[in-house]
Amino acid sequence: METINAHLKQPRGRAAVTATLVTSDLERMECLPRIAGMRCVLLESTIFDTLARICDSYEGGYWHFYNLSNGGFYMAPDSDAAFPLSCENYFEHTVCADTAGIIASASAYSHLSFLSNGACFATAYHQLSEFIFQHRDAGLIRAALD
């Protein structure tokens, strides 16, 4: 696994939350069930559907998986393309694949947290939020999620 986002600044009194690219197929198969249990397919499809809803040019493809050092997780498309986003809150901006994936993952977690027994998604949202606040595109991500 390769640790990314080494540029993140460490918050006062807390260790920085870092993202590690999951490269092993076996570890990839464990990521979604670790977060969502038996609802792992629901989580994955909700993340895909979220990006398709907010990005007209998204047409599917391979996604990278990232484990966070605080126990969280997010997915991002494997793409060098720009993603022009248009969200329900009138946020419109073009972002990179990593940022688009974070926005889609956080939006899906938020949506799914309202299901009965959705506490695992609320936890995942808060873990990802800790990472978002340190991310180089934190302002854009927070604006898209607001």
Shortest non-hydrogen contact between [X] and [Y], atoms and distance:
{"X": "C31", "Y": "V22", "value": "SG-CG2, 3.9 Å"}
{"X": "R136", "Y": "C96", "value": "NH2-SG, 4.3 Å"}
{"X": "G71", "Y": "R34", "value": "O-NH1, 2.7 Å"}
{"X": "A16", "Y": "S69", "value": "O-OG, 3.7 Å"}
{"X": "F83", "Y": "L51", "value": "CE2-CD2, 4.0 Å"}
{"X": "C55", "Y": "L85", "value": "CB-CD2, 3.7 Å"}

Counterpart residues, side chain to side chain contact (heavy atoms under 4.5 Å, CB included), relative to [X] (two or more places apart):
{"X": "S86", "value": "E92"}
{"X": "T123", "value": "Q127"}
{"X": "P33", "value": "C40"}

Sequence neighbours excluded, which residues qualify as side chain to side chain donor-acceptor pair (under 3.5 Å) partners of [X]?
{"X": "Y90", "value": "none"}
{"X": "Y125", "value": "none"}
{"X": "E130", "value": "R14, N70"}

Within residues 54-80 or reaching into it, pairs that qualify as salt bridge (charged side-chain N to carboxylate O under 4.0 Å, His left out) - sequence neighbours excluded: none
All pairs passing salt bridge (charged side-chain N to carboxylate O under 4.0 Å, His left out) where residues 137-146 contributes a residue, at least two apart: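 For residues 137-146, and leaving out neighbouring residues, there are no salt bridge (charged side-chain N to carboxylate O under 4.0 Å, His left out) pairs at all.
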Worked check of side chain to side chain donor-acceptor pair (under 3.5 Å) between D98 and H135: CA-CA 10 Å; D98 185 65; H135 195 274; 3.0 Å; yes
Residue pairs passing the side-chain hydrogen bond (donor to acceptor under 3.5 Å, both in side chains) test where at least one lies in residues 37-53, sequence neighbours excluded: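 For residues 37-53: R53-E88.
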Results of ring pair (Phe, Tyr, Trp, His ring centres under 6.0 Å) for F73 - residues two or more places apart only: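 F65.
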All pairs passing ring-ring contact (aromatic ring centres under 6.0 Å, His included) where residues 23-47 contributes a residue, at least two apart: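 The answer is none; no pair qualifies.
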Would you compute the distance between atom [atom1] of [X] and atom [atom2] of [Y] and round it to the nearest 0.5 angstrom?
{"X": "L112", "Y": "L42", "atom1": "CG", "atom2": "CG", "value": "5.0 Å"}
{"X": "Y58", "Y": "S79", "atom1": "OH", "atom2": "OG", "value": "10.0 Å"}
{"X": "M38", "Y": "L32", "atom1": "CE", "atom2": "CG", "value": "13.5 Å"}
{"X": "E30", "Y": "D25", "atom1": "CD", "atom2": "CG", "value": "11.5 Å"}
{"X": "I103", "Y": "H93", "atom1": "CD1", "atom2": "NE2", "value": "10.0 Å"}
{"X": "T99", "Y": "I132", "atom1": "OG1", "atom2": "CD1", "value": "10.0 Å"}

pair T18-L68: side-chain heavy atoms closer than 4.5 Å: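 The answer is no, as the side chains (C-beta and beyond) never meet within the 4.5 Å cut-off.
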Ignoring hydrogens and angles, write down the donor-acceptor pairs under 3.5 Å from the side chains of residues 113-122, residues two or more places apart or on other chains.
residue : atom : partner : partner atom : Å
S113    : OG   : S110    : O            : 2.7

Verdict with supporting geometry, Y74 and N67, side chain to side chain donor-acceptor pair (under 3.5 Å): CA-CA 7 Å; Y74 76 94; N67 283 324; over 6 Å; no
Connected via hydrophobic side-chain network under 4.5 Å: L21 and F131: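 Linked, L21 and F131 end up in one cluster.
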side-chain contact (heavy atoms from CB on, under 4.5 Å) assessment of I54 paired with F91: CA-CA 10 Å; I54 63 174; F91 171 85; over 6 Å; no
I102 and Y66: CA distance, side-chain angles, deciding distance, side-chain contact (heavy atoms from CB on, under 4.5 Å) verdict: CA-CA 10 Å; I102 291 170; Y66 296 93; over 6 Å; no
